[in-house]
Amino acid sequence: MTSPRSEFLQVVAERGFMHQCTDLEALDKRLGEGPAVAYIGFDATAQSLHVGSLMQIMLLRWWQKTGNKPIVLMGGGTTRIGDPTGKDEARKMLSDEDIARNMAGIQTVFAKYLSFGDGPTDSMMVNNADWLDQLNYISFLRDYGRHFTINRMMTFDSVKLRLEREQPLTFLEFNYMILQAYDFAELWARNKCVLQMGGSDQWGNIVNGVELGRRVHGAELFGLTSPLLTTSSGAKMGKTANGAVWLNADMLSPWDFWQYWRNTEDADVGRFLKLYTELPLAEIAKLEALQGAAINEAKKILAGEVTRLAHGEAAAAEAAETARKTFEEGALSANLPTVSVAAGDLAAGITAFALFVQAGLVTSNGEARRLIQQGGGRLNDQPIKDPAQPISSADLKDGVLKLTAGKKRHVLVRPE
RNA sequence: GGAGGGGUGGCCGAGCGGUCAAUGGCAGCAGACUGUAAAUCUGCCGGGGUAACCCUACGUUGGUUCAAAUCCAACCCCCUCCA
């Protein structure tokens, strides 16, 4: 089709959010008729979402910004099943307490990206446990199970891949797609929700929902998926050395979050600016055209914008300033991550390798020794030659010690 | 219930009585080169220890042996086929 007329779909197309859509023209037409309701589901598998989900959150944000109503669906019910999509084996069962705790952690992040309330374009949050938990098995099978054929279910990747790899797929997991389809139909019935979005791996689950809605409610529903993002060198988004890039500040500090974006590969800068910031496309075009070292400026803007959305203006500014002092001036910034050691211990002297362990820069004495022996350990910006070198109060500068592991990881140590 | 195959370090995957903390690949870390990028090259990559060396580890538990990831027994789990 030609370029979409609706503002939402224009944004989605221009900025790279579009992977597949069940019926782009019809959805465009529907959006032209007035505000619509769309949802994205988030299962409560961890205490925080990570940047892998950020594209979905931005989609909801654009949806709201372009005059529509977003629904955030918390998968309180479906998390008890476990989505087999893209997994080689069943995830361990999460207890109800874990799920409740995870949901509480995840919910907080949405308030930063969406405005909630009762207005026509205000976002709302619902929990599919509200309807899934009370389903009656036989009734459900008769009303909904008859719309699914095993023949067709076996053709979906989530099922097919497991079977082809001869990995077990339990009946519990096999039901996941049915429940997700039911969610969509239910959200149509309750809130006239007409669109489900999600990552491309959710395509099968989404299509099932579209079809189920048509069969049981005669509703015209739509699905739209975003591409699975990898970095230019092929790594999945959101993973780093120390684990996932969490969106919650208590799981990953705004400083580390800023650093993650600052270290974006050159080739990804333009793509990420379009997806994860709201800068005008013309400005992004200029930034991504920067060559050589100049593109670092674009990375700083990327880091600043993304951090501002996730953690606020102040946190973003502080991270930028800390980075400037630390990396560009080589000066000491008081806002670097800080750990404390007992003043008495420091006065007595602590071996360098032990201090690196205490500072959390490495996880074992052996690793600390290796780091230092290989020339990757510095104290107050001076290389440490001997892992056993004692460090004491005499090394304090302005009341702190600055420890560095490698080129990028800095920690301040304060006696207390 | 029967027959066969399999469970090895974060992952994949060799090993099949000693020379095995266990080949190789991926991931990760450090150094060089750079731009807090990528690619490349070099080193490292279970824990403790300056080191000698010690401890833990090859599904679980016992056993054989001077010596077991490797052999035996029982058990647990997974896969395939049959009933």
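Throughout, a chain's letter reflects where its sequence line sits, starting with A, and its residues are numbered from 1. The shown structure was predicted, so the numbers you read here are calculated from the model rather than taken from an experiment.
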Separation of A:Gln389 atom CD from B:U50 atom C1', in whole Å? 15 Å
Would you say A:Arg369 places a side-chain N or O within less than 4.0 Å of OP1 or OP2 belonging to B:U50? yes
For A:Gly406 and A:Ala293, take the nucleotide of RNA chain B holding the closest heavy atom to each; which residue's nucleotide lies nearer the 5' end? A:Gly406
When the nearest nucleotide of RNA chain B is assigned to A:Gly377 and to A:Leu169 on a heavy-atom basis, which residue is associated with the more 5' position? A:Gly377
Using a cut-off of 4.0 Å on non-hydrogen atoms, how would the nucleic acid contact of A:Ala323 be classed: base, sugar-phosphate, or nothing? base
Would you mind classifying the nucleic acid contact of A:Gln259 as base, sugar-phosphate or nothing, using non-hydrogen atoms under 4.0 angstrom? base
Phosphate oxygens OP1/OP2 of B:C29: is one of them under 4.0 Å from a side-chain N or O of A:Lys408? no
Roughly how far apart are A:Lys69 NZ and A:Trp63 CH2, rounded to 0.5 Å? 12.0 Å
Output yes when A:Arg308 and A:Glu305 qualify as a salt bridge under the 4.0 Å nitrogen-oxygen rule, no when they do not. yes
Give me the ring orientation class for A:Phe272 and A:Tyr276: parallel if the planes are under 30° apart, tilted from 30 to 60°, perpendicular past 60°. perpendicular
Does A:Arg409 make a side-chain N or O approach to OP1 or OP2 of B:U36 shorter than 4.0 Å? no
Could you check whether A:Arg61 makes a cation-pi contact with A:Tyr113, meaning its NZ or CZ is under 6.0 Å from the centre of the six-membered ring and within 45° of the ring axis? no
Sugar-phosphate, base or nothing in reach of A:Trp261, heavy atoms under 4.0 Å: nothing
Does A:Thr264 reach a base, just sugar-phosphate, or nothing at all? Heavy atoms under 4.0 Å. sugar-phosphate
Have a look at A:Arg262 and say if it touches a base, only the backbone sugar-phosphate, or nothing, with a 4.0 Å heavy-atom cut-off. base
For B:G48, does either OP1 or OP2 sit under 4.0 Å from a side-chain N or O belonging to A:Ser364? yes
Would you classify A:Asn365 as touching base, sugar-phosphate or nothing, given that sugar-phosphate means primed atoms plus P, OP1 and OP2, and contacts are heavy atoms under 4.0 Å? sugar-phosphate
